[in-house]
Amino acid sequence: MERTLDGAVAVVTGGARGIGFALALGLAARGARVVIADLAGAAAAAARLHETGAAAVGIDVDVTSPDDTAAMAAAAESAFGGLDILVNNAGIYSTLTPRPFEAIDPAEWRRVMEVNTLGPFLCCRAALDPMRRRGGGRIVNISSGVAFKGNPFMAHYVASKGAVVSLTRALATELGRFGILVNSVAPGFTLSDGVLDNPVLVEGVKDASLRTRVLPRDMHPADLVGAVCFFAGPDAAFITGQTLVVDGGAYFH
Ligand SMILES: NC(=O)c1ccc[n+]([C@@H]2O[C@H](COP(=O)([O-])OP(=O)(O)OC[C@H]3O[C@@H](n4cnc5c(N)ncnc54)[C@H](O)[C@@H]3O)[C@@H](O)[C@H]2O)c1
């Protein structure tokens, strides 16, 4: 593996499992030192990264908390001397039950919006000064292909991931002058740990998604590593404000 991220410090939110853990592993394999920030299991996930020879720390963070997200950025600076890459991956999806939009509880709508949109906002805000101190940085926001397809029965989730695409564009515009590049990756239906724990999703979506793909196989967290590491690395030095759909060719963006 080419060590394109040697010396960089990366924070991955929701990195304790699922897509986030695969991204943490991929960033570390390319030489990044990694801070795993998660509601639960961050220290254990960092220990698993250590076993691969990576430099990693774990920190308990709720991305909807201004204090926690500030502590997250401070932890990157104190553990590794700076912050270069922020991957906004933490999100609510796999625990949701699909239902018609009129049956969505407003409290659930608020919580989805909080985690999936306030969370990335707070994490970007916390990363701003550390990245400016480094003279630049990379932010990669995990959106979803549903933002483009408008999938039914998860209107709050679909709306939240559309907001992530728009936030990516707005922040790219604001932060370019600081050398901070902001891009987004929009995954298709991925057999993450959380998804595999939810039989309703697996039974309801897995085969239907597969049938929409040009590349007809299941999608796994590792399928997202290349796109995220590309946006985080030297080959993407003149790319900002973009969203790359990674879904086996189900949607042509
Ligand atoms: N799995 C899919 O099919 C799919 C498709 C498109 C986009 N995504 C997006 O990818 C990201 C990861 O999804 P996944 O399927 O790997 O999920 P997952 O459920 O397997 O893991 C999510 C992780 O995020 C953490 N998390 C949740 N809320 C948090 C909070 N408030 N603060 C900090 N951490 C929090 C969880 O503890 C967990 O470790 C999400 O943003 C999701 O919306 C997933």
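Values below: every heavy atom of this structure, side chains too, minus hydrogens, waters and symmetry copies. Index from 1, following the sequence. Note that ligands are numbered from 1 as they come in the structure, with each ligand's atoms numbered from 1 the same way.
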Q: Please assess Met154 against Val112 for the test side chain to side chain contact (heavy atoms under 4.5 Å, CB included), listing each intermediate value before the final yes or no.
A: CA-CA 10 Å; Met154 277 207 188; Val112 168; over 6 Å; no
Q: Using a 4.0 Å cut-off to any heavy atom of Phe189, which atoms of ligand 1 qualify?
A: 3 (O)
Q: Write out the residue and atom name of the closest protein heavy atom to atom 15 (O) of ligand 1, then the distance separating them to 0.1 Å.
A: Ser192 OG, 2.5 Å
Q: What residue and atom, counting heavy atoms only, is the protein's closest point to atom 5 (C) of ligand 1, and at what distance?
A: Gly188 O, 3.3 Å
Q: Which residue supplies the protein heavy atom nearest to atom 32 (N) of ligand 1, what is that atom called, and how far is it?
A: Val63 N, 3.0 Å
Q: Above 12 or not: heavy atoms from other molecules or residues under 6.0 Å from CZ of Phe101?
A: no
Q: Give me the residue, atom name and distance of the protein heavy atom closest to atom 36 (C) of ligand 1.
A: Asp38 OD1, 3.4 Å
Q: Taking all atoms of both residues into account, what is the closest heavy-atom pair of Gly249 and Val214, and its distance?
A: O-CG2, 3.0 Å
Q: Could you state whether Ile85 and Val228 fall into the same hydrophobic cluster, counting links through intermediate Ile, Leu, Val, Met, Phe, Trp or Tyr residues with side-chain heavy atoms under 4.5 angstrom apart?
A: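 In one cluster: yes.
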Q: Stepwise, does the salt bridge (Lys or Arg N to Asp or Glu O under 4.0 Å) test hold for Asp218 with Lys206?
A: CA-CA 8 Å; Asp218 287 331; Lys206 182 170 147 342; 3.3 Å; yes
Q: Have a look at ligand 1 and work out which part of Ser143, if any, has a heavy atom under 4.0 Å from it: side chain, backbone, both or neither.
A: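 Just the backbone.
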Q: Would you call Leu86 and Met72 a side-chain contact if the rule is heavy atoms closer than 4.5 Å?
A: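 A side-chain contact exists here, since the closest heavy-atom pair is under 4.5 Å.
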Q: Would you mind listing which atoms of ligand 1 come within a distance below 4.0 Å of any non-hydrogen atom of Gly18?
A: 16 (O), 20 (O)
Q: If we only consider heavy atoms of Ala186, is any one of them less than 4.0 Å away from an atom in ligand 1?
A: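 It does not, in that no heavy atom of Ala186 comes within the 4.0 Å cut-off of ligand 1.
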Q: Which atoms from ligand 1 have a heavy atom of Val195 less than 4.0 Å away?
A: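 Here the atoms of ligand 1 in question are 1 (N).
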Q: Indicate whether any N or O donor in one side chain lies under 3.5 Å from an N or O acceptor in the other, for Thr64 and Asp62.
A: yes
Q: Among all protein heavy atoms, pick out the one at the shortest distance from atom 2 (C) of ligand 1; state its residue, atom name and that distance to 0.1 Å.
A: Thr190 N, 3.5 Å
Q: Report yes or no: does Tyr157 have a heavy atom closer than 4.0 Å to ligand 1?
A: yes
Q: With rounding to the nearest 0.5 Å, note down the distance linking CZ in Arg133 to CD in Glu77.
A: 4.0 Å
Q: Examine Gly194 against ligand 1 and note whether any of their N/O atoms are separated by less than 3.5 Å.
A: yes
Q: Just need the protein heavy atom nearest to atom 27 (C) of ligand 1, so name the residue and atom and give the distance.
A: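 Checking every protein heavy atom, the shortest distance to atom 27 (C) of ligand 1 gives Gly91 O, 3.9 Å.
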Q: Where's the contact between Leu39 and ligand 1, heavy-atom distance under 4.0 Å: side chain, backbone, both or neither?
A: both
Q: Where on Ser94 is there a heavy atom closer than 4.0 Å to ligand 1, on the side chain, on the backbone, on both, or on neither?
A: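 Answer for Ser94: side chain.
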Q: Can you check whether Ala186's main-chain N or O pairs, donor with acceptor, with Ser144's side chain at less than 3.5 Å?
A: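 It does not hold such a pair.
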Q: Pick one of side chain, backbone, both or neither for how Val61 approaches ligand 1, counting any non-hydrogen atom pair under 4.0 Å.
A: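 Backbone only.
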Q: Between Leu201 and Tyr93, is the side chain to side chain contact (heavy atoms under 4.5 Å, CB included) condition met? List the steps.
A: CA-CA 10 Å; Leu201 273 185; Tyr93 170 60; 3.7 Å; yes
Q: Does Arg111 form a salt bridge (Lys or Arg N to Asp or Glu O under 4.0 Å) with Glu114? I'd like the steps, not just the answer.
A: CA-CA 5 Å; Arg111 183 66 189 156; Glu114 259 190 16; 3.2 Å; yes
Q: Start with the C-alpha gap between Leu181 and Ile239, add the side-chain angles, then the distance that decides, and say whether side chain to side chain contact (heavy atoms under 4.5 Å, CB included) holds.
A: CA-CA 7 Å; Leu181 282 54; Ile239 301 174; 5.7 Å; no
Q: Under 4.0 Å from ligand 1, counting heavy atoms only, is it the side chain of Tyr93, its backbone, both or neither?
A: side chain
Q: Only counting residues at least two apart or in another chain, list the ones meeting side chain to side chain donor-acceptor pair (under 3.5 Å) with Arg125.
A: none
Q: Membership question, hydrophobic clusters at under 4.5 Å side-chain separation (ILVMFWY): are Leu83 and Leu175 in the same one?
A: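 As far as the 4.5 Å side-chain criterion goes, Leu83 and Leu175 are connected within one cluster.
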Q: For atom 40 (C) of ligand 1, which of Leu201, Val146, Ile142, Asn89 has the closest heavy atom?
A: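 It is Asn89 that holds the nearest heavy atom.
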Q: Within ligand 1, which atoms have a heavy atom of Ser144 less than 4.0 Å away?
A: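 With Ser144 as reference, the close atoms of ligand 1 come out as 6 (C), 7 (C).
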Q: For atom 16 (O) of ligand 1, what's the nearest protein heavy-atom neighbour? Residue, atom name and distance, please.
A: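 It is Ile19 N, 2.8 Å.
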Q: What protein heavy atom is closest to atom 23 (C) of ligand 1, reported as residue, atom name and distance in Å?
A: Gly14 O, 3.7 Å
Q: Polar contacts were defined as any N/O atom of the residue lying under 3.5 Å from an N/O atom of the ligand; does this apply to Pro187 and ligand 1?
A: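 Such a contact does not occur with ligand 1.
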Q: If you measure from each non-hydrogen atom of Lys161 to ligand 1, which part falls under 4.0 Å: side chain, backbone, both or neither?
A: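 It is the side chain that gets close, since no backbone atom is under 4.0 Å.
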Q: Counting from 1, what ligand 1 atoms have a heavy atom of Asp62 closer than 4.0 Å?
A: 30 (C), 31 (N), 32 (N)
